[in-house]
Protein chains: 2
Amino acid sequence: MALDRQRIVTEAVALLDADGLDGVTTRKLAARLGVQSPTLYWHLPNKAALVTAIADAILDQEFGDMSPPDTDQPWQVWLCGLAERLRRALLAHKDGARVISAAQLSRNMAAVSELAMSTLVARGIPLRQARVIVLTVERFTVGHVLEEQAPRPDADTLKDFDMHTFTRQYPTVVAAVTEYFQPGRTVDDLFRECLEVVIEGAAIKAGAAA
Amino acid sequence: MALDRQRIVTEAVALLDADGLDGVTTRKLAARLGVQSPTLYWHLPNKAALVTAIADAILDQEFGDMSPPDTDQPWQVWLCGLAERLRRALLAHKDGARVISAAQLSRNMAAVSELAMSTLVARGIPLRQARVIVLTVERFTVGHVLEEQAPRPDADTLKDFDMHTFTRQYPTVVAAVTEYFQPGRTVDDLFRECLEVVIEGAAIKAGAAA
DNA sequence: CCGCTCTCTCTATCGGTGATAGAGGGACTC
DNA sequence: GAGTCCCTCTATCACCGATAGAGAGAGCGG
């Protein structure tokens with residue numbers, strides 16, 4: 001099969017899913033494509049461009065269709081859904097959040113921002129507030145998923161980790177974590193609750209201005 | 001001078017400031033310390049541990065002293081200041097946010113969380129809400145600074161970037177960016193405005209529960 | 001049909017990376 | 001003086017992103 005940029009990116013995403021971002025090397029990617037690694041440099045200027053292309057591909061899967069909200073839907077609800085779609089897109093691939101934050105000038109991320117900001121503006125929110133709100137939601141979401149996808153510390157790191165001491169030093173943190181996951185709450189619920197904080201604040205900010 | 005963990009980390013931070021996170025290699029660090037690179041592995045299990053140690057060092061400079069708020073200070077104001085100190089700590093070093101997000105189990109980050117959560121709990125906010133609020137603030141802040149410190153796209157990437165097309169495709173984004181930095185507003189103001197969104201939402205969340 | 005050119009892939013190689021194995025020096029202790 | 005432990009060394013591994021430059025093959029003008 002002909003080797004083109006599209007096929008390279010598709011295979012790169014598959015490699016990402018299999019081996020994580022650090023596993024996406026030009027050699028392994030080339031091997032999957034039945035080609036030698038320098039060949040890739042004919043299609044891509046460097047690895048950063050590859051990562052950005054992967055980021056766009058990841059976002060494509062969740063944001064292939066993007067539409068503003070129905071006129072009767074509050075923008076808060078719609079924006080909440082947008083953030084959850086963004087999170088879903090990132091969680092759908094190993095190191096998804098790292099990929100997005102390493103991407104330089106992702107077109108699809110810009111498209112998400114454009115849709116979100118213009119939607120808020122159409123609802124009467126001043127441009128400046130709209131930008132603040134959208135940036136806050138986006139950066140919180142990426143920051144949150146980044147933490148969700150952070151690797152569990154390896155054995156070497158845990159060698160000198162004493163849970164007992166940790167609990168004594170940071171009792172509130174430990175209590176909060178253990179309390180949270182008691183009755184069947186999931187990480188999705190945690191994200192939603194945090195997101196509600198942001199969105200409620202956004203509503204205040206928009207209301208105070210609009 | 002004797003080589004110990006403390007001196008290694010101090011020099012690693014200096015190297016970080018000079019060359020960024022990707023420039024922190026075991027060889028360059030060893031050279032600065034007047035030593036061969038494998039020597040470092042007697043003091044550190046691996047590079048991830050070094051990065052975590054750097055993260056703790058970065059936070060130490062801003063959070064060496066940590067104290068709960070005066071009793072007459074609203075927790076919102078205090079938490080706002082905490083987030084700004086966190087941002088300042090990250091901005092004080094090249095790739096500071098990347099370092100923090102790459103760190104595994106930073107003690108000082110845990111200490112910040114502990115102080116923030118316990119302070120909120122002391123103000124009568126239920127543990128669960130306190131955790132949600134603190135997590136939201138922390139992850140937003142890291143996500144925000146991560147973007148602030150993102151490298152400007154290199155020449156190869158910009159080769160096929162057409163500002164005119166970009167403006168036509170994402171007019172609201174471009175308008176928002178140009179509008180924002182008109183009259184003397186800075187990136188600090190942008191952070192503060194975004195942070196206000198989060199903190200206002202936190203106040204709602206806490207008020208609804210307390 | 002020839003020869004040119006453009007597209008794409010190849011081999012060979014560079015400098016750099018984190019990490020390990022194992023030798024050995026020096027100080028301190030019995 | 002012998003042994004032991006701490007720390008640093010040399011040598012080396014497998015792997016990484018990237019470049020130079022040769023060459024295969026298709027298409028096309030003559």
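Below, chains carry the letters A, B, ... as their sequence lines are ordered, and counting in each starts from 1.
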Figure out the [atom1]/[atom2] separation between [X] and [N], and round it to whole Å.
{"X": "A:Asp4", "N": "C:dT7", "atom1": "CG", "atom2": "P", "value": "16 Å"}
{"X": "B:Trp42", "N": "C:dG26", "atom1": "CH2", "atom2": "C1'", "value": "14 Å"}
{"X": "A:Leu29", "N": "D:dC16", "atom1": "CG", "atom2": "C1'", "value": "14 Å"}
{"X": "B:Asp19", "N": "C:dT17", "atom1": "CG", "atom2": "P", "value": "10 Å"}
{"X": "B:Gln36", "N": "C:dA23", "atom1": "CD", "atom2": "C1'", "value": "15 Å"}
{"X": "B:Ile8", "N": "D:dC7", "atom1": "CD1", "atom2": "C1'", "value": "11 Å"}
{"X": "A:Leu40", "N": "C:dT9", "atom1": "CG", "atom2": "P", "value": "9 Å"}
{"X": "B:Leu33", "N": "D:dC9", "atom1": "CG", "atom2": "P", "value": "11 Å"}

Subject >> Contact under 4.0 Å: B:His43 side-chain N or O vs D:dC6 OP1/OP2 >> reply: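 For D:dC6, OP1/OP2 do not have a side-chain N/O of B:His43 under 4.0 Å.
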
**OP:** Tell me whether the OP1 or OP2 atom of D:dC7 has a side-chain N or O from B:Thr39 closer than 4.0 Å.
**Re:**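 No, B:Thr39 has no side-chain N/O under 4.0 Å of OP1/OP2 on D:dC7.
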
Side-chain donor-acceptor contacts of residues 29-41 of chain A below 3.5 Å, not counting sequence neighbours, with atom names and distances?
residue: A:Arg32; atom: NH1; partner: A:Glu11; partner atom: OE2; Å: 2.8
residue: A:Thr39; atom: OG1; partner: A:Gln36; partner atom: O; Å: 3.1

Subject >> Side-chain donor/acceptor of B:Tyr170 to backbone N/O of A:Arg107, under 3.5 Å >> reply: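 A pair under 3.5 Å: yes.
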
Subject >> Backbone N/O of A:Val173 and side chain of B:Glu114: donor-acceptor pair under 3.5 Å >> reply: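 Checking the backbone N and O of A:Val173 against the side chain of B:Glu114, a donor-acceptor pair under 3.5 Å is found.
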
Enumerate all atom pairs, one protein N or O and one N or O from nucleotides 17-20 of chain D, separated by less than 3.5 Å.
residue: D:dG17; atom: OP1; partner: A:Lys47; partner atom: NZ; Å: 2.7
residue: D:dG17; atom: OP2; partner: A:Thr26; partner atom: N; Å: 2.8
residue: D:dG17; atom: OP2; partner: A:Thr26; partner atom: OG1; Å: 2.9
residue: D:dG17; atom: N7; partner: A:Arg27; partner atom: NH2; Å: 2.6
residue: D:dG17; atom: O6; partner: A:Arg27; partner atom: NH2; Å: 2.8
residue: D:dA18; atom: OP2; partner: A:Tyr41; partner atom: OH; Å: 2.5
residue: D:dA18; atom: OP2; partner: A:Lys47; partner atom: N; Å: 2.9
residue: D:dA18; atom: O5'; partner: A:Tyr41; partner atom: OH; Å: 3.4

**OP:** Taking all heavy atoms of A:Arg87 and all of A:Val145, pick out the closest pair and write down the distance.
**Re:**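 Result for this residue pair: CG-CG2, 3.6 Å.
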
Identify each donor-acceptor pair in which a side-chain atom of residues 131-139 of chain A lies under 3.5 Å from a protein atom, sequence neighbours left out, and give them as a table.
residue: A:Thr136; atom: OG1; partner: A:Val132; partner atom: O; Å: 2.6
residue: A:Glu138; atom: OE1; partner: A:Ser113; partner atom: OG; Å: 3.3
residue: A:Glu138; atom: OE2; partner: A:Ser113; partner atom: OG; Å: 2.6
residue: A:Arg139; atom: NH1; partner: B:His144; partner atom: ND1; Å: 3.1

Original post:
Is B:Arg98 salt-bridged to B:Asp22, cutoff N-O under 4.0 Å?
Top reply: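 So B:Arg98 pairs with B:Asp22 through a salt bridge.
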
